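Note sheet for the following structure.
Everything numeric in this text was worked out from a predicted model, so none of it was measured. Each ligand, and each atom within it, is numbered from 1 in the order the structure gives. Values below: every heavy atom of this structure, side chains too, minus hydrogens, waters and symmetry copies.
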Amino acid sequence: MTPQYHVVTLFPALFTALTEYGVSGRAIRNKLVELKFWDPRDFTSDSYRTVDDRPFGGGPGMVLMAEPLDLALTAAKTALRRAGITQPRLVYLSPQGRTLNQTLVEELAREPALVLLAGRYEGIDERLFARHPMAEVSIGDYVLSGGELPAMVLMDALIRTIPGALGHADSASEDSFADGLLDCPHYTRPEVYLGGEAPPVLLSGNHGDVARWRLKQGLGRTWQRRPDLLQGRPLSREEQNLLDEFRRETGDTV
Ligand code: ADE
């Protein structure tokens, strides 16, 4: 079934970066995924189409009012119910959420539909969350001006996991993190660039040797740069041997 991602956002036009370019744009055009946008301003009843107001208790900035978001989320849920999806997961993009990683991407990719809420300003009237329970997801420990870029980051990562979304040229199974490791280095023509040679094994035509070299480099880089990733990932005997080899070859044996 085609995954459906409904996004509640004040700035639907920003999403052309996702919908019109690259892997995600092609997946949408090929109907491997369906996106729909709901603008809370379309659910206001005053002539200014007001969606925000000053915070009770004072302080800087504005707060998004509950009602336009409530109505937009309800409209998204109603549309999904009509499409046969009764309990879509709701995700609010916020720096207070669970930090996104490939494990969470894969978990969310199993959902037939998601309703993403992109916030703006200082925050959202808390009473919205009582009416629409949602998971909170952060894309990292820094603050952005809104949830649109995080929603695009999440959807880009989700779309890459859809079978057929990646062309022949790129494959998700070769991505960084696909097997819990960082990616290996890459090379293309020329074989020698300004005196720097591409590793001869990559030109050997021996697929087994190439695969072992790539795994060794991925293991070595992970060990050097992100040892935390190896904590929860037991190594097979072959992987341990390759990592030991990497450390001997690089003199990085500590
Ligand atoms: N909104 C603002 N900053 C964010 C972040 N780091 N992650 C998700 N949503 C956000």
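Nearest heavy-atom pair across Trp38 and Ala76 is NE1-CB, 3.5 Å.
No donor-acceptor distance shorter than 3.5 angstrom exists from the side chain of Asn30 to the backbone of Leu32, with no hydrogens or angles considered. Between the side chain of Arg247 and the backbone N or O of Gly220 there is no donor-acceptor pair closer than 3.5 Å. Using a distance-only test at 3.5 Å, with no hydrogens or angles considered, a donor-acceptor pair links the side chain of His186 to the main chain of Cys184.
Among protein heavy atoms, the minimum distance from atom 7 (N) of ligand 1 is reached at Ile139 N, 3.0 Å. Protein heavy atom at the shortest distance from atom 3 (N) of ligand 1 is Leu144 N, 3.0 Å. The protein heavy-atom contact nearest to atom 6 (N) of ligand 1 is Tyr142 O, 2.8 Å.
The residue Asp141 has no part lying near ligand 1, judged by heavy-atom distances below 4.0 Å. Counting heavy atoms under 4.0 Å from ligand 1, residue Ser138 touches it through both backbone and side chain.
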Can you list the steps and then say if Arg120 with Asp52 is a side-chain contact (heavy atoms from CB on, under 4.5 Å)? CA-CA 9 Å; Arg120 281 270 149 181; Asp52 59 339; over 6 Å; no
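Every residue meeting the side-chain contact (heavy atoms from CB on, under 4.5 Å) condition with Tyr142, not counting sequence neighbours, appears here in chain and number order: Ile139, Leu144.
Ligand 1 places these atoms under 4.0 Å from at least one heavy atom of Val137: 8 (C). The Gly140 neighbourhood of ligand 1 comprises atoms 6 (N), with distances under 4.0 Å to a heavy atom of that residue.
Side-chain contact check for Asp53 versus Val63: every heavy-atom pair is 4.5 Å or farther apart.
In this structure, Gly119 does not count as a contact residue of ligand 1, since none of its heavy atoms falls inside 4.0 Å of the ligand.
Ligand 1 has no nitrogen or oxygen under 3.5 angstrom from a nitrogen or oxygen of Val143.
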